[in-house]
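Indexing begins at 1, ligand by ligand and atom by atom, following the structure's order. Because the structure is a prediction, the values reported are computed rather than measured.
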Amino acid sequence: MASGGANYRNGTQRNSLKGTTTATDRQLSMNLNPSKAALKNKSLSSVGASSGLRKSSPGSLGGGTAKDDAGVPGRVRVAVRLRPRNAEESVADADFADCVELQPEFKRLKLRKNNWDTDTYEFDEVLTEFASQKRVYEVVAKPVVESVLDGYNGTVMAYGQTGTGKTYTLGRLGEEDTADRGIIVRAMEDILADVSLESDSVSVSYLQLYMESLQDLLDPTNDNISIVEDPKSGDVSLPGATLVEIRDQQSFLELLQLGEAHRYAANTRLNTESSRSHALLMVHVKRSVKGRELAHSSQNGNSTNMAKSLRPTLVRKGKLVVVDLAGSERIDKSGSEGHTLEEAKSINLSLSALGKCINALAENSAHVPVRDSKLTRLLRDSFGGTARTSLVITIGPSPRHRGETTSTIMFGQRAMKVENMLKLKEEFDYKSLARKLDIQLDKLIMEHERKQKAFEEEIERITTDTQNQISEAERNYADAMEKERLKYQKDYMESIKKLEEKWMMNQHKLGERKDQMASTAEEVAELQKLLSKETSLRKAAEEEVNNLKSQLAQLKMSEASANSEILKLQKMLEDEAYRKEKLEGEISMLQTQLLQLSFEADETRRRLDRGGPGKVLGGLDSLISQVRPQVNDSVNEEKASIANLFEQVGLQKILSLLEAEDADVRIHAVKVVANLAAEESNQQKIVEAGGLTSLLLLLGSSEDEMIHRVAAGAIANLAMNETNQELILSEGGIRLLSITAANAEDPQTLRMVAGAIANLCGNDKLQNKLRDEGGIKALLGMVKCGHPDVLAQVARGIANFAKCESRASAQGSKTGRSLLIEDGALPWIVQNANNDASPIRRHIELAVCHLAQHEVNARDMITGGALWELVRISQDCSREDIRTLAHRTLTSSPTFLAELRRLRIDY
Ligand code: ADP
Ligand code: MG
């Protein structure tokens with residue numbers, strides 16, 4: 001006994017009847033013919049090959065018409081399902097065993113005929129009371145659903161006595177317990193999961209067949225739907241039925257509930273029970289075959305994409321019909337429940353017609369009474385034949401319904417013999433291709449339109465741009481033109497203007513000439529008058545303007561001019577001051593010159609006075625004496641004026657000039673000072689004012705001999721005063737005078753120096769200091785010049801010195817021999833004691849006398865020859881006082897007397 005898998009898709013089949021020994025087997029085996037058996041065997045070896053399986057199925061509800069379409073042979077699959085005992089049965093049948101016994105592992109059902117006899121039936125699937133709804137779906141319906149999805153028609157039917165679970169098996173929604181979901185719900189779930197909602201479509205019709213009238217459960221008003229059969233293809237359609245497209249499971253469930261509600265309402269209205277009507281759910285699945293599948297199905301594997309896209313889509317149409325049949329109770333039984341026979345017949349007409357057809361098909365009868373009922377007509381393309389068909393027969397366990405159960409089992413057994421030849425419902429969808437092409441065309445048209453529009457816009461844009469550029473260029477051109485035009489116009493105007501001016505000038509000249517010729521004298525006069533009037537007016541205006549301008553300028557410059565005036569005055573003042581200073585300088589210079597002149601004049605006068613008239617004078621003195629008569633009076637006047645000037649200028653000013661830069665000024669100044677110093681009354685003032693010091697400094701600092709001479713003269717004059725003598729000595733006067741004498745060339749200078757020292761020699765207190773400072777030697781140094789004036793002064797100095805010594809000796813303050821003798825003056829004294837020049841001789845005579853008065857000097861005087869001079873003086877001197885003195889001195893000296901005696905001179 002062969003036992004194949006539950007999956008009998010794609011032509012897989014198993015000959016369940018082979019080798020069976022059951023009654024059913026025997027009953028059904030007579031329906032089989034050898035040729036068909038051979039075909040079956042053949043088909044087994046070529047599973048999945050569509051070619052070579054073309055064979056009309058005489059068992060099809062289609063009526064045995066030979067088909068050209070490819071088909072897959074198969075058989076109506078039949079499963080039996082046993083309902084568990086219900087509550088009523090549990091009680092009523094408590095004492096009875098079930099009338100059936102299931103052997104699912106052998107797919108067998110044992111029907112108990114009586115206590116000792118059972119019949120065994122084999123089914124494609126045996127589902128016990130414990131079978132789950134899921135398992136029932138998978139073994140009964142799933143292969144059919146998959147077949148429908150592949151493009152075949154398929155039918156799932158439930159057949160059985162009322163109350164055995166047909167509706168439970170097919171129509172449970174499983175809203176309370178999801179495990180309860182029946183075949184319909186699960187089938188739609190699988191379909192929706194497998195299709196693509198974009199390219200495929202799932203639509204549903206829900207119908208009820210009662211008393212041979214077909215009612216639309218989705219539109220209750222539509223209760224007489226006609227069945228249309230395509231004579232060519234044999235396809236059955238219900239154009240009047242509502243077809244609802246299903247997009248999701250929930251909407252499908254709602255649709256089912258709606259249909260159920262309508263069914264209930266209709267049955268109430270018709271006073272029927274649902275068990276007496278057939279419910280049909282028709283699910284149309286349309287699938288597009290694309291991509292790999294299409295390429296695979298294509299004969300030409302090299303077809304281009306274009307060709308592919310232009311090829312009509314291959315559409316596979318599958319139709320699943322789920323039929324919840326009316327209760328299979330026997331008609332007589334039904335009738336016994338109060339229905340008329342006619343009614344009962346009518347109610348079950350379709351069911352019995354189905355039975356008859358199945359029988360005919362099972363028996364491979366030439367005539368299948370498909371047209372006898374609407375149900376059989378409706379299932380023409382879905383039951384057997386070209387469809388995959390699955391039948392579930394439901395039975396109850398109760399032995400009380402054994403007859404019904406047996407009848408049901410027999411129905412199933414017969415159905416198992418029905419062959420079917422699957423036909424792939426595949427066609428080219430030219431309509432959709434046309435639609436697609438239309439869409440493509442529309443797209444292309446739209447695209448073209450868009451491109452056209454874009455192109456036009458681009459053209460327009462370019463045109464606008466170009467126009468803008470052109471107008472811009474035109475504008476620029478116009479602007480440039482306008483500029484050029486204006487420039488030329490301007491140039492033109494200017495040249496015209498110049499020409500006009502020239503012309504005017506020419507005209508004017510011409511006119512003038514003409515006027516000159518044409519105008520009369522009066523006109524000229526008139527014009528001249530007018531011109532002069534205009535000129536005067538203009539002049540007046542100009543004057544006015546100038547006045548105003550000058551006023552303004554004056555106002556503006558008043559302060560400035562005042563300032564400049566002040567500055568000018570200040571400058572003038574400064575100039576004046578400078579000039580005054582200069583003049584003062586000049587004045588003082590003139591004054592000194594004047595003083596000098598007056599001094600010299602005075603000196604001259606004094607000499608003249610000293611010399612007396614008629615005395616022979618030499619050099620300067622004589623010169624002065626010659627002019628004396630003329631200058632005598634004027635000198636006196638000058639003296640007075642010098643005194644005045646001295647008062648006016650001031651001693652300080654004169655002394656300051658001693659240090660003047662200008663050598664002439666210094667010379668004049670020293671002369672003035674010398675002149676002043678000659679006056680005894682001025683001497684103290686000069687010394688107090690520092691004049692003596694200045695004169696001494698001048699001796700040291702100046703190189704000019706004249707200055708030396710005049711300064712020395714002045715010092716000599718000042719040296720007559722005892723106080724001044726001390727001052728001269730303390731300020732180094734002897735040394736300065738000695739240097740001056742050593743450098744002097746002019747005898748007059750020597751005379752002044754000698755005069756000054758001679759005066760100093762007359763001071764008793766300064767004897768030693770004078771001698772220590774070199775005064776005696778300085779005097780003696782000057783004798784070598786030989787000038788009588790110098791010698792006279794030297795002689796005077798020696799005389800002065802000797803007189804002071806003799807005084808000191810007489811007073812006892814001096815004891816040693818004379819410093820004159822010490823410094824070697826004695827020879828020169830002896831030598832000049834009898835000098836021709838009387839001033840010299842007289843001073844020397846006095847000096848000899850003074851020396852001789854001191855006994856310590858006697859020996860030296862004797863040795864030096866002075867004794868003889870003393871003798872001579874005492875005898876020959878012209879002055880009596882000196883002769884007397886000499887004599888007395890000689891006679892009072894023991895040494896001299898002794899010497900005279902020794903020499904045997906009788907004195
Ligand atoms: P039918 O449609 O054949 O008249 P139903 O499907 O209405 O029968 O079932 C009748 C009763 O039996 C219901 O109450 C149902 O729930 C119950 N029934 C049917 N089949 C089964 C089952 N396999 N398991 C449990 N209860 C079932
Ligand atoms: Mg029911």
**Message:** So if I count the atoms of ligand 1 from 1 in the order they appear, which ones are less than 4.0 Å from some heavy atom of Lys166?
**Reply:** 1 (P), 2 (O), 3 (O), 4 (O), 6 (O), 8 (O)

**Request:** Kindly indicate whether atom 13 (C) of ligand 1 is approached by any protein heavy atom to under 4.0 angstrom.
**Result:** no

**Message:** If you measure every N or O of Glu129 against every N or O of ligand 1, does any of those distances drop under 3.5 Å?
**Reply:** no

**Request:** Check the surroundings of atom NZ in Lys374: do more than 12 heavy atoms from other residues, nucleotides or ligands lie under 6.0 Å from it?
**Result:** yes

**Message:** If the threshold is 4.0 Å, N to carboxylate O, is there a salt bridge linking Glu129 and Arg83?
**Reply:** no

**Complete:** Under 4.0 Å from one or more heavy atoms of Gln161, ligand 1 contributes atoms 3 (O)

**Request:** Provide, to 0.1 Å, the distance between atom 19 (C) of ligand 1 and the closest protein heavy atom, together with that atom's residue and name.
**Result:** Arg83 CD, 3.1 Å

**Prompt:** Any non-hydrogen atom of Thr164 lying under 4.0 Å from ligand 1?
**Reply:** yes

**Prompt:** Can Gly163 be said to touch ligand 1, with heavy atoms closer than 4.0 Å?
**Reply:** yes

**Request:** Inspect the contact between Arg85 and Asp98 and indicate whether a charged nitrogen and a carboxylate oxygen are less than 4.0 angstrom apart.
**Result:** yes

**Request:** Output yes when the distance from some N or O of ligand 1 to some N or O of Pro84 is under 3.5 Å, and no in every other case.
**Result:** no

**Message:** Quick check on Glu176: does its CD atom have over 12 non-hydrogen neighbours (other residues, nucleotides or ligands) under 6.0 Å away?
**Reply:** no

**Request:** Report yes or no: is the cationic atom of Arg172 (NZ for Lys, CZ for Arg) under 6.0 Å from the centre of the six-membered ring of Tyr168, at an angle within 45° of the ring normal?
**Result:** no

**Request:** Report yes if Thr162 has an N/O atom closer than 3.5 Å to an N/O atom of ligand 1; otherwise report no.
**Result:** no

**Asked** Please state which protein non-hydrogen atom is closest to atom 16 (O) of ligand 1 and give its distance, to 0.1 Å?
**Response** Tyr168 CD1, 3.7 Å

**Request:** Kindly confirm whether the Mg ion (ligand 2) is within less than 2.8 Å of some N/O/S atom in Tyr168?
**Result:** no

**Contact summary for Thr128 and Leu102, nearest pair of heavy atoms** = CA-CD1, 3.4 Å

**Fill in**
re atom 7 (O) of ligand 1, the protein heavy-atom contact at minimum distance is Thr167 CB, 4.5 Å

